[in-house]
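Working notes, structure below.
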Amino acid sequence: MQSVYRVAATEKKQFMAKTIRGSCLCGGVRFEVAPPFIRAGHCHCERCRKHSGTAVCTQARVKKEQFRLLRGENLIRVYGEGEGAVKAFCVTCGSSLFGGDWPEGDEVSIRIGAFDDDPGIRPQYHTFVDDRAPWDEIADDLPRYPGALNDKTRPVSA
C-alpha cells in the first residue's frame, strides 16, 4: 500500500543534499523528505484534535516525489478512509505520522512533530477554526479559515 511512495534508486538523485529526516516515537517508521514544502498549517477540526490529543494537528505538505519511506511500511495503519483526511499512525507506538490522502494522494501530509530535523517551514495558517474546541484560543496572527483550505476559501478575521 505505501509502496507508491517509495522512490526508485535511480530517482534518489532528485533529493536535495539537505533531506529532512523523520520517524515515529519508537523508531520503527522512518522517512525522509526533500524540500521545498508546499505549505504548513494548523488544523483545528474535531478529528485532528482527537487524533493528536491536542488543540491542533500541525502538518506540512510535500509532493509525493519528494517523500521517501525508509522503513516501517508494515507498521503504518490508516484510520478514517472515506471520511475525509485519513489519520495514519504507527501501530507500535501510536505516533501520528501522515494524513490527507495517504498513501494514494499526489501530496504527503506529514505531522510536523514527526520530523527529527528542523523542516525549515513554519505554520502559515489555521484551518477549521469554526470547529475548534471552546478552550482553544488562537494566540497568533496567522490567517484563519472556517473550514478546509482550498482555492475558494477566504480567511476570517482574527
Side-chain angles (χ1 to χ4, degrees), residues 1-9 11-45 47-73 75-80 84-129 132 136 138-145 148-151 153 155 158:
M1 180 157 100
Q2 285 78 9
S3 61
V4 296
Y5 285 102
R6 293 197 183 272
V7 176
E11 295 177 55
K12 190 173 181 179
K13 293 178 187 175
Q14 84 178 35
F15 282 84
M16 299 171 64
K18 172 87 170 119
T19 56
I20 310 300
R21 297 169 302 141
S23 63
C24 63
L25 183 61
C26 70
V29 177
R30 294 197 178 276
F31 62 90
E32 65 183 18
V33 174
F37 289 89
I38 297 167
R39 65 181 183 268
H42 301 292
C43 182
H44 297 259
C45 80
R47 292 180 76 230
C48 282
R49 282 197 323 271
K50 298 275 184 184
H51 187 64
S52 69
T54 63
V56 300
C57 188
T58 305
Q59 54 83 29
R61 289 181 178 265
V62 294
K63 294 182 181 192
K64 74 177 177 183
E65 296 82 24
Q66 295 168 252
F67 177 87
R68 186 163 67 132
L69 186 59
L70 301 173
R71 78 174 191 211
E73 180 176 349
L75 299 177
I76 299 171
R77 296 295 182 273
V78 176
Y79 174 80
V86 302
K87 309 302 177 200
F89 59 96
C90 173
V91 70
T92 301
C93 65
S95 292
S96 177
L97 299 168
F98 314 113
D101 294 326
W102 176 268
E104 282 85 25
D106 294 334
E107 298 176 358
V108 182
S109 176
I110 305 163
R111 307 304 182 226
I112 288 183
F115 286 115
D116 298 327
D117 302 321
D118 181 354
I121 194 168
R122 301 298 183 253
Q124 301 158 320
Y125 56 88
H126 295 267
T127 57
F128 289 94
V129 297
R132 72 185 187 272
D136 179 7
I138 300 172
D140 61 42
D141 295 327
L142 295 175
R144 301 173 186 185
Y145 298 91
L149 183 63
N150 60 47
D151 296 344
T153 310

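Fair warning: this is a prediction, and the values are worked out from it, not measured in the lab. Throughout, residue positions are numbered sequentially from 1 according to the sequence presented. Worth knowing before you read on, the calculation uses all heavy atoms, side chains too, and leaves out hydrogens, waters and symmetry mates.
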Once side chain to side chain donor-acceptor pair (under 3.5 Å) is applied, do any residues pair with [X], and if so which ones, sequence neighbours excluded?
X: Ser95; result: none
X: Arg61; result: Glu107
X: Arg30; result: none
X: Thr92; result: none

Can you name the residues that form a side chain to side chain contact (heavy atoms under 4.5 Å, CB included) with [X], not counting sequence neighbours?
X: His44; value: His42, Val56, His126, Val129, Arg132, Asp136, Ile138
X: Lys50; value: Glu46
X: Phe128; value: Cys43, Cys45, Asp131, Ala148

Ring centroid separation Tyr79 to Phe89 under 6.0 Å: no
Identify the heavy atoms of [X] and [Y] that sit nearest to each other, and give their distance.
X: Val108; Y: Lys64; answer: CG2-CA, 3.9 Å
X: Gly80; Y: Arg47; answer: CA-NH2, 3.6 Å
X: Ile76; Y: Ala88; answer: CG2-CB, 4.0 Å
X: Cys26; Y: Cys93; answer: N-SG, 3.5 Å
X: Trp102; Y: Val86; answer: O-CG2, 3.7 Å
X: Gly100; Y: Ser109; answer: N-CB, 4.0 Å

Side chains of Gln124 and Pro143 in contact at under 4.5 Å (non-hydrogen atoms): no
Side chain to side chain, Leu97 and Cys90, heavy atoms closer than 4.5 Å: yes
Check: Gln66 side chain, Val33 main-chain N or O, donor-acceptor pair, under 3.5 Å: no
Donor-acceptor contacts, no H, no angles, side chain residues 110-120, under 3.5 Å, sequence neighbours left out:
from	atom 1	to	atom 2	distance (Å)
Arg111	NE	Ser96	OG	3.2
Arg111	NH2	Phe98	O	3.4
Asp116	OD1	Ser23	OG	2.9
Asp116	OD2	Ser23	OG	3.2
Asp117	OD1	Arg21	NE	3.4
Asp117	OD1	Arg21	NH2	2.6
Asp117	OD2	Arg21	N	2.8
Asp117	OD2	Arg21	NE	2.9
Asp118	OD1	Gly120	N	2.8
Asp118	OD1	Arg122	NH1	2.8
Asp118	OD1	Arg122	NH2	3.4
Asp118	OD2	Arg122	NH2	3.1

Pairwise distance CZ(Phe31) to CD1(Ile20) - rounded to 0.5 angstrom: 10.5 Å
